[in-house]
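In what follows, a single structure is set out as structure tokens and then discussed.
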Amino acid sequence: METTTKTNLEDFRLETRKWLEENCPASMRKPVRDSNDFFWGGRNAQFGSEDQKIWFERMLEKKWIVPYWDTKYGGGGLSNEENNILTQEMARLGCRKPIFSFGISMLGPALHKFASEEQKMRFLPEITAGKTWWCQGYSEPNAGSDLAGLQTKAEDKGDHYLINGSKVWTSYADKSDWIFCLVRTDFEAPKHNGISFLLIDMASEGVSTRPIKLISGKSPFCETFFDNVKVPKENLIGTLNDGWSIAKYLLTHERQMIGGVGETDIRQELHKTAKAYLPLQDGKISDGVLRHEIAVQEMNDSIFEMTIQRIMDEAKTGVNAGALSSFFKYYGTEQNVSRMELLTAITGSEGLQWEGDNEDAKVQVRRLCRSKGNTIEGGTSEIQLGIISKRILNLPS
Amino acid sequence: METTTKTNLEDFRLETRKWLEENCPASMRKPVRDSNDFFWGGRNAQFGSEDQKIWFERMLEKKWIVPYWDTKYGGGGLSNEENNILTQEMARLGCRKPIFSFGISMLGPALHKFASEEQKMRFLPEITAGKTWWCQGYSEPNAGSDLAGLQTKAEDKGDHYLINGSKVWTSYADKSDWIFCLVRTDFEAPKHNGISFLLIDMASEGVSTRPIKLISGKSPFCETFFDNVKVPKENLIGTLNDGWSIAKYLLTHERQMIGGVGETDIRQELHKTAKAYLPLQDGKISDGVLRHEIAVQEMNDSIFEMTIQRIMDEAKTGVNAGALSSFFKYYGTEQNVSRMELLTAITGSEGLQWEGDNEDAKVQVRRLCRSKGNTIEGGTSEIQLGIISKRILNLPS
Amino acid sequence: MTLILNEEQKMLKDSANEFLAMNSPVEKFRTLRDENYKPFDKELWQEIVEMGWTALTIPEQYNGLDFGYVGFGQVLEEMGKCLTKAPLLSSIGLCATALVKSSNEELKNNWIPELMNGTKHMAFAQDEKTYFDPTSIETTASESSNGYLINGSKIMVIDGGSADAFIVTANTSDNETALFVIDSKAEGVTIHTETLLDAGTYANIHFNQVSIKNEDRLSDKGKGDELLNYINNTAAICLSAEMLGIVTEAFDQTIAYLQERQQFGKRIGSYQALQHRAAKLFCEIELCKSVVIKALQALDKGDVNIDKLASLAKAKLGETIKLTTNEAIQMHGGIGVTDDVNIGFYFKRARVAQRLFGDYSYHLDRYARLNAY
Amino acid sequence: MTLILNEEQKMLKDSANEFLAMNSPVEKFRTLRDENYKPFDKELWQEIVEMGWTALTIPEQYNGLDFGYVGFGQVLEEMGKCLTKAPLLSSIGLCATALVKSSNEELKNNWIPELMNGTKHMAFAQDEKTYFDPTSIETTASESSNGYLINGSKIMVIDGGSADAFIVTANTSDNETALFVIDSKAEGVTIHTETLLDAGTYANIHFNQVSIKNEDRLSDKGKGDELLNYINNTAAICLSAEMLGIVTEAFDQTIAYLQERQQFGKRIGSYQALQHRAAKLFCEIELCKSVVIKALQALDKGDVNIDKLASLAKAKLGETIKLTTNEAIQMHGGIGVTDDVNIGFYFKRARVAQRLFGDYSYHLDRYARLNAY
């Protein structure tokens, strides 16, 4: 990676700012309301608006779909410093991501670390071009937290594997082009040692999906079934039977994504909402119990934010923050859940409206329901506490 | 047991009331401040006051030291109903117990259930006469919650056992005449099957004690050492190697004693203390956080009291409340601890005074410290939760 | 007085349990929801009437069974377990209680028989704000020639969409709380129903110059606040009984799941961290059982501490139902957040029940105020 | 600004750790206590001066090291781990800070050098009630011919028994908060020391017609509240740093105990219920670390959010120190409540630290007020 001097970086910031100001359409600078506001790419890519198309195509041309990947994979080849600047400047203007892609956030890192050069050249450029919509296939019905207990089997049939089984919690599987999957390739070995990491084209014969309804209503989750699906052997990533290493690596990524982010607006708004909904006395929320609970929530929310910053800062100095992703995942999701409960208590009867004209209320109540999944998906809170106690605190088994 | 008609019971109540009013000295109707206010009996019995002596002797003469035991053991032979009435009438007048005795509350029930008639005749009359001060020897240094892991050994030497080992948390061992002990009589058997229940004269050669200082200061607890102590075989209670049954039986009793009782005054005084110590606004405690915490504490204290009553009522109808003693012990002690913490927060700097002239403050701060032991002694909170989950909820091991 | 059920109360509870298991299992709740949030099943309601549950709290002088609130609470608890939908709490627990307690013999004679035989049902309209605050009323009752003109809006009216009449709280010209009976078809009444999180329908009612007669005033002069307070105590206690059913059922289903579900080759109930959490829930639920029966008994014997006991019950149940339903979902894991299993219904019903007639913080604060701190 | 220590700060922390492990292990604390609650060891204090710790926060213009509060906080954190007794917080953290911040050059020149070289130490006298309420002051400073007459009583004065002088808050005749320097040997000053739960001695001081000069007024007209607020922010943050040391040490000792102690044939750290509780403590302590360094940095850079950060730090540390020391004792089991082991010392020190400069509920309420709710 080339080193960049401070002056160069300052130039880069100014150029970037200018380019973004000139090229990012106004509607692409508004906050994202829900998943429909994202462009998802893929074979059957559909743009939600003309602006969305313009924004994606300009960023694609600039190679900024994945600005920090190598140019040979269609990335922008930016240094860490440059990429940070781009991120900051996009945040400053409120620019949306040009695409939402599990290929970038989850599969990409795994391919970079575990795939052959040939596989990288085959899959990464499709991702940077937004041409493949990827979903993930880890969990299975009945497996739950015991991810390594998975039973979907891949039999060696010479030039291909024959897949039978099913996956659950596969987000957007009904719309995806490809799935990255954990499958069992050895039923004799100890359970962690017989798992492989396989890429499967969702258009293959024998693949089908069924959407899952949650307590919050419709969801992107599906069950995905594999019925005698043939998968070419070159779709195996990494070493046969060593897929668990890749899974662990990816889970760490996923935890960080679920734990920390995306709720900033509500965090800041909690006491403001309370003041709007509840009676005040001398400028204080007169419901002393709720006031106490709000203060505790805001105290921990703001200190948790400081903590994310502190640990990121430490990571930059070389301190290994790997195991701490469990802390982020655990604490962040528990805070999400208690924040939604508090918001529901504050908004009283309005916060309970399931049907009707009040769109904000309907969104909020569904988020309350959906938040219950946060402490379960991506490794339950119990799993995270177990990891903290064993890997960080070195408590015995 | 003879049945008593309602009319007879009403007569008994009136007679009892009259007798108590005439015979219980005024000073013996005042609340007990600390253990010095109790008469403890024993070989070297010392009365704290003339009234204490008069009261004990009158009750002794009336056979009401243990009113519900059989007259052949020196008990009063009262029926359950009569005994309840006596208890109620003593409570009504605020009469102190004539003696405080682990012989009555703990050893007695075990002897009744497990001892031979000969042993009962030997030990029970001494208890009802207040002539023996008993202490208990269960826990051992390093055993902790794993009570059955005890190592004090009793070797069979023909006509006697030879005891070596030590016990810890033996209350008042330095003042007691006898100790009832769990000892290991079989080192080969599974740990629960090699324990026996033995009575040991503290005057025996080779017995010594060392007082234990707690974080709250001086305590009645001692370590007790057995160095080649000879114990006659007739002091074995129940079956050899089956002492664990007796231990379990007694532990259930102990839990109920520690969990439920003795704090009524503080329970009622919490918010009154708060109002005395903290500033008010419109008649409310203006510290909203403390006010919230006080309300939660008082809510749970008062509902816990209802729960004790409810479960006692259910037990009378034949519902087995045995396993529930763990609930009483767990919840009652956790409430004690949080109550002391809250009282400390309310009384602020005064509640922290360790030395000085403020006797009430000094007592309170030591009670805070002492309360930390409540959730440990008599089976930790963790042990109780384990019992609830296994015996009541039938969760698997 | 012992804190246990007597034989008759036990028999009633058992028969309610059997009847509901047969006629109103949780699947029935799912069906009603899937049929576009159908409020309740009229056939079931008629069967409930035949079981005598609508007469339990009604004194003999009005041809009721005079069985008392302890018994009524047992029925509600069993209904809570099955998430049974029926206007028993609204029409009998609230409105019939209000009628019985009032001194308006005409309204009593007109309404009590019809509420008991289930041909009509009434709903109680008091809420006006997002939070519970029954004594701060903006709905007005201005005196007119031969009665009152009612103006204002009410929300969160349980079973208000199908009710034949409402008991409505309003502020009179001399700034006094009063309760009125208003026909749901009276001119100037508009009703809009809303579906809440628990798939229940609740009415928002607007009163625009609704004209009622003097005889439709339920509360005597100067007695409105007292009557309203009595109804809200009764409501809080009866709802606590229903919540106890929700809590115990959600807990029992969770324990059953812990006993059977396998993870990492072991039943998850064998994991100590879950065991301890389950044991702690058990303890809290034991407390809930005690405060509910104590408060129900207090209703029956006219206990002077009824205010405190009502707030204790609703606060404790509000705290425990939240904890229990959250733990229930978490311990069920992924399947717990799907609509395929029933445990989520308990969580959803719990959140609405928490809010109705005052939530945890309302009643904890009220308890403190009643104790003068 | 990154939330991590720079190289110099790290070196200071490491050297403090080494020095205290050598010169002030916890056994030293036990010894002082057993010597009739000896306040502190004068030799150790002189060594601390030689380490330069008394000069860390003093600007260069007064011959200090101008190293800042982040560094000072590291030293206090390490002292917290060892329960080291020394008048560093009281004399430097509070009083020297007040002097530096004031504009009274005479007092500065008289006192700062002596506080830095440790030949004298000062104590801060503000508390009057059992609870912390710094702005409601009953001690009066009435203007006299050539100065003021001070009357009133102060409690909970840290290191007040051996201090050479006090900084005292008082209410002037024009009802304004002002701070004064008063010699501990001045006529009319009576000092009574008390030993608290943490085996520390705290002074109750009575001022009876104590006459001081105009020049002994530390705060400018109209600036008393601001100065007092600044000192209390500094105090809350510095004490939070010490509390962080107590928390981490109590936690580390507990984890070590979990790793070694056997029960039922297994190390108790293998029991899942304890593992989860330990992991939760770990998370809370991570939060504590962040808020302490953030607040210390805010002191150094004069952050406008200092009020909020001080309250966040003291509230969070107050909450976590209570939880941690309680869990530490419980997880140690029976031995944890004996005086034979040290873990109880941390619990005892924690309870006093919680109270000083405002407890959890004081700072949580202040945080809410600062956010205008």
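Labels below follow one simple rule: chain letters A, B, ... track the order of the sequence lines, proteins then strands, and each chain is numbered from 1. Just so it is clear, the structure is predicted and the values come from calculations on it, not from any experiment.
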(Q) Any salt bridge linking B/Glu382 with D/Arg277? Criterion: basic side-chain nitrogen under 4.0 Å from a carboxylate oxygen. (A) yes
Q: Measure D/Ile343 against the heavy atoms of chain B and call it side chain, backbone, both or neither at under 4.5 Å.
A: neither
Q. Taking atom CG of B/Leu290 and atom OH of D/Tyr360, what is their separation to the nearest 0.5 Å?
A. 10.0 Å
Q. What do the steps show when you test B/Cys369 against D/Leu197 for side-chain contact (heavy atoms from CB on, under 4.5 Å), and what is the final call?
A. CA-CA 9 Å; B/Cys369 293; D/Leu197 174 58; 3.7 Å; yes
Q: Work out which heavy atom in D/Ser361 is nearest to a heavy atom in B/Asp287; give both atom names and the distance.
A: OG-OD2, 2.7 Å
**Q.** Closest approach of D/Val352 to B/Leu352 (non-hydrogen atoms, all atoms of both residues)
**A.** CA-CD1, 4.0 Å
Q.
Let's test your reading of the structure: which of D/Glu194, D/His192, D/Gln330 forms the most heavy-atom pairs below 4.5 Å with chain B?
A. D/Gln330
Q: Using non-hydrogen atoms and a 4.5 Å limit, figure out which bit of D/Lys348 sits close to chain B: side chain, backbone, both or neither.
A: side chain
Q) What residue in B/Ser139, B/Ala148, B/Pro279 has the most heavy-atom pairs under 4.5 Å with chain D? A) B/Pro279
Q.
For D/Thr130 versus B/Thr347, what's the shortest heavy-atom pair and its separation?
A. CB-O, 3.6 Å
Q. Any idea which of D/Asn326, D/Asp133, D/Ile155 has the most non-hydrogen atom pairs under 4.5 angstrom with chain B?
A. D/Asn326
Q.
Within a 6.0 Å radius of atom CZ on D/Arg267, are there more than 12 heavy atoms belonging to other residues, nucleotides or ligands?
A. no
Q | D/Asp34 CG: over 12 foreign heavy atoms closer than 6.0 Å | A | yes
Q: Assess whether side-chain contact (heavy atoms from CB on, under 4.5 Å) is satisfied between D/Phe264 and B/Lys191, documenting all intermediate values.
A: CA-CA 10 Å; D/Phe264 303 103; B/Lys191 65 180 178 180; 3.6 Å; yes
Q) From B/Ile376 CD1 over to D/Ile335 CD1, what is the distance, rounded to the nearest 0.5 angstrom? A) 11.0 Å
Q. When rounded to the nearest 0.5 angstrom, what is the spacing between OG1 in D/Thr338 and CZ in B/Phe221?
A. 11.5 Å
Q: Answer with side chain, backbone, both or neither: which region of D/Phe132 has an atom nearer than 4.5 Å to a non-hydrogen atom of chain B?
A: neither
**Q.** chain D contact via B/Leu278 - side chain, backbone, both or neither, heavy atoms under 4.5 Å
**A.** both
**Q.** CA sep, side-chain torsions, deciding dist, call: D/Asp339, B/Leu214, side-chain contact (heavy atoms from CB on, under 4.5 Å)
**A.** CA-CA 5 Å; D/Asp339 190 66; B/Leu214 295 184; over 6 Å; no
Q) So does D/Glu138 have more than 12 non-hydrogen atoms from other groups sitting under 6.0 Å from CD? A) no
Q.
Any side-chain to backbone donor/acceptor pair from D/Arg351 onto B/Val365? Under 3.5 Å, distance only.
A. no
Q) Is there a side-chain contact between D/Phe347 and B/Leu368 (heavy atoms, below 4.5 Å)? A) yes
Q. Given a strict heavy-atom distance threshold of 4.5 Å, which part of B/Ala143 is in contact with chain D: side chain, backbone, both, or neither?
A. backbone
Q.
Return the CD1 to OH distance between B/Ile346 and D/Tyr131, rounded to the nearest 0.5 Å.
A. 13.5 Å
Q. Would a distance-only check, ignoring hydrogens and angles, find a side-chain to backbone donor-acceptor pair under 3.5 Å from D/Gln263 to B/Ser145?
A. yes
Q. Quick one: of D/Ser136, D/Gly334, D/Gly344, D/Ala273, who has the most non-hydrogen atom pairs under 4.5 Å with chain B?
A. D/Gly334
Q) Got a second to check how far D/Thr195's OG1 is from B/Lys362's NZ, nearest 0.5 Å? A) 10.0 Å
Q: Assess whether side-chain contact (heavy atoms from CB on, under 4.5 Å) is satisfied between D/Arg261 and B/Asn142, documenting all intermediate values.
A: CA-CA 9 Å; D/Arg261 166 76 167 161; B/Asn142 298 318; 4.0 Å; yes
Q.
What I'd like to find out is whether the side chain of B/Gln353 reaches to under 4.5 Å of the side chain of D/Tyr202, using heavy atoms alone.
A. no
Q: Give, as side chain, backbone, both or neither, the part of D/Tyr37 having an atom under 4.5 angstrom from any heavy atom of chain B.
A: side chain
Q) Shortest non-hydrogen contact from D/Gly265 to B/Asp146? A) N-OD2, 4.3 Å
Q: Can you tell which part of D/Ile329 gets under 4.5 Å to a heavy atom of chain B, answering side chain, backbone, both or neither?
A: both
